[in-house]
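Lettering follows sequence order; numbering is per chain, from 1. What you see is a predicted model; the values in this text were computed from it and never measured.
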Protein chains: 2
Amino acid sequence: MSGRKIRNMEEFAEVSGVSRPTVSKYFHDPNSVRASTRQRIEAALEQHDYRPNIFAMNQNRKLTKNVGIVVPYLADPFFAEIARNIEERCIDAGYSPTLFSSHGSPELEVEILNSLRALKPAGVLLAPLGRVSDRGAVEAFCADVPTVLFDSLIEGVGAAFVGSDNPQFSHLIVEYLGRTGEPPCFFEMKKPANPNANKRRLGYIEAMEKMGHEPQVISVDGEGWAFEEIGRAGGIEAIQSGRFSTNTILCSNDRLAIGFLSACYHMGVKVGRDSDCDLRVAGQDDHPFSRFTCPPLTTIAQDYDSVSRRAVQVLFDTVESGTQDHSGEMVLFEGKLIMRESA
Amino acid sequence: MSGRKIRNMEEFAEVSGVSRPTVSKYFHDPNSVRASTRQRIEAALEQHDYRPNIFAMNQNRKLTKNVGIVVPYLADPFFAEIARNIEERCIDAGYSPTLFSSHGSPELEVEILNSLRALKPAGVLLAPLGRVSDRGAVEAFCADVPTVLFDSLIEGVGAAFVGSDNPQFSHLIVEYLGRTGEPPCFFEMKKPANPNANKRRLGYIEAMEKMGHEPQVISVDGEGWAFEEIGRAGGIEAIQSGRFSTNTILCSNDRLAIGFLSACYHMGVKVGRDSDCDLRVAGQDDHPFSRFTCPPLTTIAQDYDSVSRRAVQVLFDTVESGTQDHSGEMVLFEGKLIMRESA
DNA sequence: GATAAATCTTATCGCGCGTAAAATTATAAT
DNA sequence: ATTATAATTTTACGCGCGATAAGATTTATC
C-alpha cells in the first residue's frame, strides 16, 4: 500500500499503466486480457488495494455477478449449514452471494424476492417455504430471474430443482427398522409446511405395504417452524394416550424427533435398542445436533454436499448458457442410513 | 398498475407531475416535501409501482441506508436468532440490512469487512470472532465505518459495545447451584475463541471464593466452533479419568453443555437433581435447543431481546447524530436463571 | 517479413440518480 | 399590499463505471 489514494478506475488505470477500459475488462474477467497486461494490473493492485465501486459497476451492467440465496428458516442449523455451503461455492465461482431468510413467513418471502429483483441478480438459489409460499409470486419471480429451487419443490416453477429423494429416505429407514425390530409408525405434524413431509409420509406408507405391514400415521397438532416444541408437545400427548401400536417411531424429520426424545425423557420412556428400552426412535435429515441427542439419533443423512454442489452448478449452467432449457430438470439425491443408538 | 412502464425516476417524475429531484427528495424522506406534493407522488406510486434503482441511488450518496450485520457463526442458532432479531429492527428503522457470517474464520471476517466497506454502509453491527479476530483489521474498519460491537468485546474498538454481563451470569448460577447442592466445578475449552468464556471463568472463580468454596476449573482440548463435539469428547475423557471433585458441573456455555450431556449419556452417568442422579449439569446462554435436551438444561438466559434492541439503537444514534461520541460506551445486560431438570 | 488475428488505446456516450446552487413559490411580518 | 423570509422546486452538473466504435499496436501464422 503506497502513497497515492486511488479514487476510481481512471486513476487506477493510470498507476497501473494501462487504459481504463482494459482495467474494466480485467475486473470483468482477468483472463480476457493478455498475460503481460494482467501482471501489470496485478502489480498495481498490490500497491494500491483498489476495488471497483460495486454500485457503479452494477448500475450499467445487464447481468451482475450477484446471486441470491434464500432459505426458509435460518435459525434451523440445517439450513444454516447448507446456506454456508452454497455461499462458499458461489464465492469460489466469482459471484457475490447475498443470504436471506424468510423466517417462516410467506409475506417476508415475497418481500425478499422483491428486493432481490432490485439487486438484478444473475441467478437465485431458492429454498421456498413450501406449502405456504405465494406460488404466483414465486412463479413470476422465476420468470424474470433464473432461479434454481432446492430442498423443497414447487411443481412446475423455476429453472430446475435439486433436492433429496424423500420417498427413498423413508424406504431406507423403514426397511432398516423393520429388519431389526418392530416395523415403525410414522410421527408427523398435521399440517407440515414442507412438501417433503408429504413425500416422506407417502414413502413410509408405500414401504410398509411393500413389506406387508400395516402403516400407522400419527399426526400431531402444530404449525410453523417450532418443530421441536411441536414434537415434544405432540409426543407427550401421544404417549399419554397410548396412540402407538408399535415400539418403533419414525419421525418425519430430525427436529421433530429431537422434540419427541424430549417428550420421552419427560415421560420416563426409555429410548434405544437395548432390551430394557421402551421405544426406538428414528428421524430423517441428520440434523447437526442429532449426534448429540440422548440417545444419539438414528436417522437418514441428507446429502448436503451433493445438493448444494449440484444446485450451484445447475444455476451457473443456466446463467452462463443463457438458455432456460434446464426447465423442469429435477435432481434428487439419495440419503444414507446413519445408525446411532436411538434405533 | 396502469399502462406505461416506468423505466426511471425521470419518467416517474413526469407521470406524477413534479420534478425529478423532488421525487428524489421524497424517496430520501417523504416528509421533506410539501403535503400536496407528497400526495401527488403517492398517487402516482399506486398507479405505477416504481422503485428507484438502488445501485444508482447508492453510487452518489455519501451515506447509504445500508447496514451490515456480521456474526461469527451463523450455524449456531443463538447467533441466527439474534441476527434475525437485529435484522428486523433495522428494516423497521428504514434501513437495508445485509447479513454475513464469519463461519469461525478470521480471514473470512476480514474479507467480510472489506466487502462491507464497498457497500458504503451507514453502520455495522459486528459480533467479532473474539480472540482470533484480526484486531488491526477490525480497528481500521471501525475507524472508517460507525460500528457497534455486540456479544463479544474487543477492548477499545468500535463506537460502542453491547453485550451480556458474563461475570454476573456465573455469579448467579454458582450461587444457585451452591445453594441447592454441591458447589460446581467449571467445565470449559482450553482455548476459548470467545472472550466471554474468560469472563465467565473469572466470574466463576470469584463467586466460588466469595462463597468460601475452592474453585475447580476443568479445561478440555479443542478449538474452533464445534462446541458440542468438544464438550462430548472432553466430557467422556474427564468422566473416565474421574477429574471432577464435585457432582455439579457448570459448563462455560450451553453448546458445550449439550455435548457434555451427550457424554454423560454415553458413559451411563445419570444427570439431574433427583437423589438417584450422579451429576448435576448447568450451562450458560439459554440456547434455543437447551429446553429439549435430556434432561432439559438449567442455564442462564441471555437477554437476546435487550441486547439486539440496544445495539441497534446505539448504532442509529451514532449514525444519525454523526458524532462518534458514544466511543467506549458499554452496555451490559444481566442474565436470568432458567431452572430446568438438569440441575 | 508480410498478413491476419488478437489485443489495446482513445474517444464518447449513457446509466439512474444525488446534490449544490439558483429560481420560484408560499408564508409571515410589517 | 409590500417586503422579508422560509420552504420548496427546478436547473445544471457530476458520480464511477459499462459499452461500443474506430484506430493503433502487439502477437501469432505461414
Side-chain angles (χ1 to χ4, degrees), chain A residues 4-45 48-66 94 96 115 117-122, chain B residues 4-42 44-45 48-66 94 96 115 117-122 322:
Chain A
R4 175 172 177 191
K5 269 259 174 161
I6 303 298
R7 310 211 147 278
N8 55 37
M9 195 179 277
E10 190 86 49
E11 292 188 13
F12 178 74
E14 211 169 294
V15 299
S16 62
V18 300
S19 71
R20 186 181 68 77
T22 304
V23 173
S24 173
K25 273 196 76 178
Y26 169 84
F27 279 110
H28 189 66
D29 173 11
N31 290 315
S32 67
V33 302
R34 202 160 26 209
S36 60
T37 320
R38 187 164 53 243
Q39 279 165 17
R40 287 160 75 184
I41 294 177
E42 277 162 2
L45 220 43
H48 299 278
D49 80 326
Y50 159 77
R51 285 182 165 218
N53 179 310
I54 53 174
F55 300 111
M57 276 179 57
N58 288 327
Q59 160 161 0
N60 226 357
R61 192 145 47 188
K62 336 189 152 299
L63 214 61
T64 69
K65 282 278 190 175
N66 301 329
S96 303
S115 45
R117 235 186 271 259
L119 285 178
K120 294 198 251 177
Chain B
R4 176 176 177 189
K5 268 261 172 161
I6 303 298
R7 310 213 146 278
N8 55 37
M9 196 180 277
E10 188 86 47
E11 293 187 13
F12 178 74
E14 211 169 295
V15 299
S16 62
V18 298
S19 73
R20 186 184 63 72
T22 304
V23 173
S24 172
K25 273 197 78 177
Y26 168 84
F27 278 110
H28 188 66
D29 173 12
N31 289 315
S32 66
V33 301
R34 208 175 359 225
S36 60
T37 317
R38 184 165 55 245
Q39 280 165 17
R40 288 160 74 183
I41 292 177
E42 277 161 2
L45 220 42
H48 299 278
D49 82 325
Y50 158 78
R51 284 184 166 215
N53 179 309
I54 51 174
F55 299 111
M57 274 179 58
N58 288 325
Q59 159 160 3
N60 235 354
R61 187 140 60 180
K62 328 185 155 300
L63 216 58
T64 69
K65 282 280 192 178
N66 301 328
S96 303
S115 46
R117 234 186 270 260
L119 285 178
K120 294 198 250 175

I want to confirm an ordering. Mapping Gln59(B) and Asn31(B) to their closest nucleotides on DNA chain D, which one lands closer to the 5' end? Asn31(B)

Which comes earlier along DNA chain D counting from the 5' end, the contact point of Ala56(B) or that of Pro21(A), where each point is its nearest nucleotide? Ala56(B)

Round to the nearest Å and state the distance from [X] atom [atom1] to [N] atom [atom2].
X: Asn58(A); N: dA19(D); atom1: CG; atom2: C1'; answer: 15 Å
X: Asn53(B); N: dC15(D); atom1: CG; atom2: P; answer: 19 Å
X: Arg7(A); N: dC17(D); atom1: CZ; atom2: C1'; answer: 16 Å
X: His28(A); N: dT20(D); atom1: NE2; atom2: P; answer: 10 Å
X: Asp29(A); N: dG18(D); atom1: CG; atom2: P; answer: 13 Å
X: Lys65(A); N: dG18(D); atom1: NZ; atom2: P; answer: 13 Å
X: Asn8(A); N: dG16(D); atom1: CG; atom2: P; answer: 5 Å
X: Phe55(A); N: dC15(D); atom1: CZ; atom2: C1'; answer: 13 Å

Would you name the heavy atoms of [X] and [Y] that are closest together and state the gap between them?
X: Asn8(A); Y: Ile6(A); result: O-CG2, 3.4 Å
X: Ala122(B); Y: Thr64(B); result: CB-O, 3.2 Å
X: Ala56(A); Y: Gln59(B); result: CA-OE1, 3.6 Å

Write down the protein N/O and nucleotide N/O pairs, taken from nucleotides 27-29 of chain D, whose separation is under 3.5 Å; answer none if there are no such pairs.
none

If we only count heavy atoms from C-beta on, is the Phe12(A) to Ile41(A) side-chain gap below 4.5 Å? yes

Report yes if some heavy atom in the side chain of Phe27(A) is under 4.5 Å from a heavy atom in the side chain of Met9(A); otherwise report no. yes

What is the 5' to 3' range of DNA chain C, first to last nucleotide, that sits under 4.0 Å from any heavy atom of chain B? dG16(C) to dA26(C)

Given 3.5 Å as the limit, does a donor-acceptor pair link the side chain of [X] with the main chain of [Y], or not?
X: Arg40(A); Y: Gly17(A); result: yes
X: Lys120(A); Y: Asn58(A); result: yes
X: Arg38(B); Y: Val33(B); result: yes

With no hydrogens and no angle check, just 3.5 Å: does a side-chain donor-acceptor pair link Glu11(A) and Tyr50(A)? no

Sugar-phosphate only, base, or nothing, as touched by [X] at under 4.0 Å among non-hydrogen atoms:
X: Ser24(A); answer: sugar-phosphate
X: Phe27(B); answer: nothing
X: Pro52(A); answer: sugar-phosphate

How do Val23(A) and Arg20(A) order along DNA chain C: which one's closest nucleotide is nearer the 5' end? Val23(A)

